[in-house]
Amino acid sequence: MEFETDAIHVGEEPERTKDGDVVSPIHLSTTFAKSTIDKMDDEFVYTRSSNPTRNNLEMKLSSLENSRYALAFSSGSAAQTSLLLALLEKGDHVVAFDDLYGGTKRIFRQVFADFGVESSYVDATDIKNVKKALKDETALVWLESPTNPLLKLSDISKVADLCHEEDIILVVDNTFMSPYFQKPLEMDADVVLHSTTKYLGGHSDSLGGALMTNDEDIYERLAFHQNAVGAVLSPFDSWVVMRGIKTLALRMERHEKNAQGLADWLNEHPKVKNVHYPGLRSHPQHQLAKEQMSGFGGMLSFEIRGTIEDARIFVESLDLFALAESLGGVESLIEIPSFMTHASVPEEDRKGITDTLIRVSVGIENFTDLKKDFEKGFEAVSES
Ligand SMILES: *Cc1c(COP(=O)(O)O)cnc(C)c1O
């Protein structure tokens with residue numbers, strides 16, 4: 001079946017009979033009784049190891065990325081940590097895109113560095129920089145594409161080829177595009193990561209993470225660590241994410257329409273210095289964006305002309321755009337990365353993340369209402 005159909009039906013069927021539930025129920029039980037000891041190696045014994053609701057979500061997640069396997073975790077960060085514990089060992093080296101989710105860098109630098117895992121950061125818009133950074137010890141390359149918050153792209157297929165020549169695992173954080181607009185496994189990435197907190201859940205009401213892969217050996221290692229480390233998604237949150245996924249296709253279309261509209265408008269605005277959005281023809285990698293994604297997503301950032309104070313007045317004077325971290329929900333959010341999401345990134349590697357850079361997670365509200373709110377923001381700046 002096609003994406004939209006799978007997103008609704010996969011993972012619901014096992015619970016569904018002609019006379020039964022249309023929606024699969026939430027199995028809250030932490031343990032499962034057996035009529036005989038011989039059944040102790042059944043699929044469901046203890047919820048950390050396996051839970052019917054989480055399994056249903058994992059089936060749905062697999063269908064979205066067309067992956068053989070999917071695993072759900074208690075947050076995107078928990079998925080990342082479990083993945084690194086499963087695939088790396090002391091002495092290994094990681095190469096990552098320099099413009100990354102702040103928390104991802106923090107895990108590399110402030111958690112895994114203590115266990116002897118080194119990391120380097122490069123501008124992966126140019127594959128030559130990735131190649132130059134590889135060492136004998138490099139075990140993993142970590143990409144986000146497009147990046148957060150500057151919306152820079154990396155050529156996923158080319159980086160995958162480079163990694164596979166050297167026996168290196170390529171991980172792609174696909175949170176920004178969601179599987180609706182981009183499928184990194186089909187471009188030969190080895191593992192895809194999602195913070196389901198964002199577009200997959202889609203309603204800013206559930207924290208979660210996911211890993212997808214087609215590689216059986218990698219899957220076995222990830223599944224072992226999912227159970228051993230225990231950072232699993234709860235049955236309730238598994239159900240909430242399943243519900244969110246059913247409308248993912250519709251939401252992504254609307255996120256994109258609103259984001260493209262705002263990006264086009266901001267791009268012509270006299271008070272705006274520059275706009276970062278892959279759907280703009282002026283984006284330096286617009287061509288690559290068209291080739292490797294089937295849409296441009298709902299995230300954009302722009303630099304307002306003026307001072308830090310002007311950026312503050314703008315974001316604080318809006319009514320519809322909540323001044324908040326996170327992204328990917330139905331409601332529009334706005335933030336200043338240098339003060340908020342990227343405050344933990346050291347000053348020297350905030351290339352391009354200036355104090356007047358504003359990041360927007362464009363929601364699915366009415367476009368005219370969103371634009372009017374931004375007009376109000378620019379007026380407030382003019383009047384100050
Ligand atoms: C939010 C986010 C994460 C971390 O996910 P949590 O669910 O907050 O732990 C990782 N990568 C990206 C791109 C994100 O936006």
Side-chain angles (χ1 to χ4, degrees), residues 57 61 65 70-85 94 96-112 119 121 124 140-154 156 171-182 184 189 191-212 226 229-234 237-238 240-241 244-245 248 252 255 259 276 278 293 297-301 324-329 332-335 337 340-345 353 359-363:
L57 168 66
L61 289 168
E65 292 276 1
L71 295 159
F73 296 84
S74 53
S75 68
S77 308
Q80 183 188 354
T81 304
S82 299
L83 168 88
L84 298 177
L85 287 169
V94 176
F97 210 143
D98 55 6
D99 187 42
L100 276 186
Y101 175 70
T104 297
K105 263 192 195 172
R106 186 170 54 199
I107 291 175
F108 283 131
R109 288 189 164 151
Q110 286 171 255
V111 181
F112 280 85
S119 53
Y121 302 88
L140 199 133
V141 169
W142 188 283
L143 292 183
E144 247 176 64
S145 181
T147 59
N148 178 2
L150 294 171
L151 287 302
K152 296 197 282 188
L153 275 69
S154 189
I156 296 172
V171 181
V172 177
D173 181 339
N174 200 24
T175 300
F176 263 38
M177 277 304 112
S178 91
Y180 184 67
F181 283 140
Q182 178 167 271
V191 184
V192 163
L193 176 138
H194 283 281
S195 167
T196 64
T197 314
K198 316 297 167 52
Y199 289 106
L200 294 179
H203 296 74
S204 307
D205 55 9
S206 148
L207 199 67
L211 297 173
M212 288 85 144
Q226 183 195 36
V229 176
V232 293
L233 194 62
S234 75
D237 285 298
S238 298
V240 171
V241 176
I245 288 172
L248 180 66
M252 292 314 293
H255 280 296
H276 306 285
M293 317 189 310
M299 295 299 298
L300 64 86
S301 60
E325 299 198 354
S326 198
L327 59 110
S332 292
L333 304 178
I334 198 157
E335 64 120 1
M340 297 168 70
T341 48
H342 290 65
S344 70
V345 178
I353 308 177
R359 188 188 80 174
V360 190
S361 171
V362 185

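One-based numbering, in listed order, for ligands and for the atoms of each.
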**Report entry** Gap between atom CG of L153 and atom CG of L143 - 0.5 Å precision
**Finding:**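 Between atom CG of L143 and atom CG of L153 there are 10.5 Å.
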Query raised in the report: Does any N or O in the side chain of S301 come within less than 3.5 Å of the main-chain N or O of L150, such that one atom is a donor and the other an acceptor?
Result: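 Flag not set: sc S301 to bb L150 has no pair under 3.5 Å.
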Query raised in the report: Does F108 offer a backbone N or O that forms a donor-acceptor pair with the side chain of S119 under 3.5 Å?
Result: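 Here the side-chain-to-backbone pair does not exist.
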Report task. Please report the shortest heavy-atom distance between S326 and S361, naming the atom on each side. Result ->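 Result for this residue pair: O-CB, 4.5 Å.
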Query raised in the report: Quick one: salt bridge (charged side-chain N to carboxylate O under 4.0 Å, His left out) partners of E335, sequence neighbours excluded?
Result: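 For E335, the residues satisfying salt bridge (charged side-chain N to carboxylate O under 4.0 Å, His left out) (neighbours in sequence not counted) are R359.
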Requested in this report: Give the intermediate values and the outcome of side-chain contact (heavy atoms from CB on, under 4.5 Å) for residues K105 and W142.
Outcome: CA-CA 10 Å; K105 263 192 195 172; W142 188 283; over 6 Å; no
Just list the N/O pairs, ligand 1 to protein, that are under 3.5 Å apart, with the distance for each.
residue	atom	partner	partner atom	Å
ligand 1	5 (O)	S195	OG	3.1
ligand 1	7 (O)	G76	N	2.9
ligand 1	7 (O)	S195	OG	2.8
ligand 1	7 (O)	T197	OG1	2.8
ligand 1	9 (O)	G76	N	3.2
ligand 1	9 (O)	S77	N	2.8
ligand 1	9 (O)	S77	OG	2.7
ligand 1	11 (N)	D173	OD2	2.6
ligand 1	15 (O)	K198	NZ	2.7

